[in-house]
Amino acid sequence: MDYRVSNSQVGGTSTNLKVYDFKKALRLSMEQVRVLTRIHENFAYQLASLISSELRSFVQVEVTTVEQMLYEEFINKLPDSTILSVFESGEQGIRMAMELNPEMAFVMIDRLLGGKGTAEGWGRSALTPIEANVFKRLLEGVVQILQKAWSDIMVLPLKYVNMETNPQFLQLGIPTETVIVITFQLTVGKVEETMHLCIPYILLEPYIPKLSSHNWYGHGKWVKNREESEYLQDRIEHLIVPVITELGRATITMEEILGLNVNDVIQLNQLVDEPLQVRVNEEMKFLAHPGTKKSRVAVKIEHLIEGEGKNE
């Protein structure tokens, strides 16, 4: 049932109509939506830290929208083939789902298996049993972070249940049930994709009164606490990042390589007084000059390359 209200009926001069669907009544106030946004911004921050430490790659997660919609609308907006991770609330048995583009999932799996983090050559949406188990370990960490993000508002005992690739096989509720869909922008390395978290309204319903700015800011969850900062700093300090200084390049034939002897000289394309390229994780980040320090070969950083480096 739709009811159309004209601005002219309430004293306005415009003839624009606004459609309101009584079957799709919004259940959360704007303030409650804002609190949900803050909660999941905290979740996004911690999720980026987790994925970055596991993949040892640049990761950024940002909340873009928090929407209320019918479950069938959420399913219809998804592609025919995707990665849907299903989580279940232990006590209530209510399920929620996290949707991720297959390309992004493959990028993460490739990094976890020691690759460079690329989905080139995959050409499929389904995961093999080995890939699913590798990805499951990461999802179990996601569950813990989600529980922690909600901890000051509600106790949410979650567990990973299974994975679906066809949205039509996902059963979280009846088609007309209201769900809350949080959309994230996920960046891993140079790959950017959207990620969705679908939460049935009935899971949040008992805790709706707590979704107020007073409760949220009273707990101070909008501030990154000291424990999280120390944990993140500790993980970053122990990351191993390859740093390579390139002395120069030369092109020679295989015959010349086979004919090399001790004291032979290979002429490089780099002049002695030219700065050397310093690569961090295969990307050029600095220019430096060679030298020694305490009888060891070293380089002195002379210039920082602004922006993202390019592989050559």
Side-chain angles (χ1 to χ4, degrees), residues 44-62 104 106-121 130 134-135 137-138 141 145 186-192 223-312:
Y45 165 74
Q46 297 183 58
L47 180 62
S49 300
L50 169 72
I51 300 178
S52 179
S53 63
E54 292 291 334
L55 273 57
R56 296 187 178 184
S57 177
F58 169 78
V59 176
Q60 187 173 1
V61 186
E62 296 180 345
M104 179 60 78
F106 290 140
V107 166
M108 293 182 179
I109 292 171
D110 187 56
R111 287 290 300 176
L112 290 170
L113 293 177
K116 294 184 178 181
T118 175
E120 296 179 2
I130 293 178
V134 171
F135 197 51
R137 291 180 55 190
L138 187 62
I145 290 176
L186 177 60
T187 304
V188 177
K190 298 180 180 179
V191 181
E192 293 186 8
V223 179
K224 301 177 180 68
N225 62 49
R226 181 176 179 181
E227 179 182 352
E228 292 173 352
S229 298
E230 291 178 350
Y231 171 78
L232 178 60
Q233 182 177 351
D234 181 68
R235 295 301 295 265
I236 291 177
E237 288 177 349
H238 291 86
L239 285 177
I240 299 176
V241 181
V243 179
I244 298 174
T245 301
E246 187 175 287
L247 298 178
R249 298 187 180 188
T251 302
I252 61 177
T253 65
M254 181 59 68
E255 181 181 2
E256 290 173 325
I257 292 177
L258 295 176
L260 287 175
N261 292 310
V262 177
N263 295 325
D264 284 350
V265 176
I266 300 177
Q267 185 174 349
L268 305 178
N269 63 349
Q270 186 85 12
L271 298 178
V272 176
D273 57 348
E274 287 183 344
L276 304 178
Q277 296 182 3
V278 180
R279 299 178 181 271
V280 179
N281 200 25
E282 299 184 358
E283 294 186 350
M284 189 171 71
K285 294 295 184 182
F286 309 100
L287 295 178
H289 286 283
T292 59
K293 182 177 181 180
K294 296 182 179 179
S295 72
R296 302 186 66 177
V297 178
V299 292
K300 181 180 180 181
I301 303 297
E302 299 287 353
H303 181 68
L304 170 65
I305 304 298
E306 298 293 341
E308 191 171 349
K310 295 182 179 181
N311 292 332
E312 295 184 356

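- Heavy-atom minimum distance, Gly189 versus Ser57: N-OG, 3.8 Å.
- Between the CE atom of Met108 and the CG atom of Leu55 there is a distance of 6.5 Å, given to the nearest 0.5 Å.
- Around the CD1 atom of Ile257, the shell of radius 6.0 Å holds more than 12 heavy atoms that belong to other residues, nucleotides or ligands.
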Report, one line per pair, each donor and acceptor closer than 3.5 Å where one atom sits in a side chain of residues 292-300; sequence neighbours left out.
none

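- Summarising the geometry, atom OG1 belonging to Thr251 is positioned 11.0 Å from atom CD1 belonging to Ile266; distances are rounded to the nearest 0.5 Å.
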>> Go through it in stages, so that I can follow the logic: the residues are Leu287 and Gln277, the test is side chain to side chain contact (heavy atoms under 4.5 Å, CB included), and I'd like the CA-CA distance, side-chain angles, deciding distance and then a yes or no.
In response: CA-CA 5 Å; Leu287 295 178; Gln277 296 182 3; 4.3 Å; yes

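- Distance alone, capped at 3.5 Å, places no donor-acceptor pair between the Arg249 side chain and the Asn269 backbone.
- The shortest heavy-atom contact between Ser53 and Leu50 is OG-O, 2.8 Å.
- The CE atom of Met104 lies 8.0 Å from the CD atom of Glu192; values are rounded to the nearest 0.5 Å.
- One distance of note links CG of Leu276 with CD of Glu274; it measures 9.0 Å at 0.5 Å rounding.
- Between Ile305 and Phe286, the closest heavy-atom pair is CG1-N, 3.9 Å.
- Using a 4.5 Å heavy-atom threshold, the side chains of Pro242 and Asn281 count as touching.
- The minimum heavy-atom distance between Glu256 and Thr253, with the atom names listed, is OE1-N, 2.9 Å.
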>> Go through it in stages, so that I can follow the logic: the residues are Leu186 and Val191, the test is side chain to side chain contact (heavy atoms under 4.5 Å, CB included), and I'd like the CA-CA distance, side-chain angles, deciding distance and then a yes or no.
In response: CA-CA 8 Å; Leu186 177 60; Val191 181; over 6 Å; no

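- Taking all atoms of both residues into account, the shortest heavy-atom contact from Ala250 to Leu268 is CB-CD2, 4.0 Å.
- With values rounded to the nearest 0.5 angstrom, Leu138 atom CG is found 9.0 Å from Ile109 atom CD1.
- Note that the NZ atom of Lys285 and the CG atom of Leu304 stand 8.5 Å from one another [nearest 0.5 Å].
- Scanning both residues, Arg279 and Glu246, for their nearest heavy atoms gives NE-OE1, 3.8 Å.
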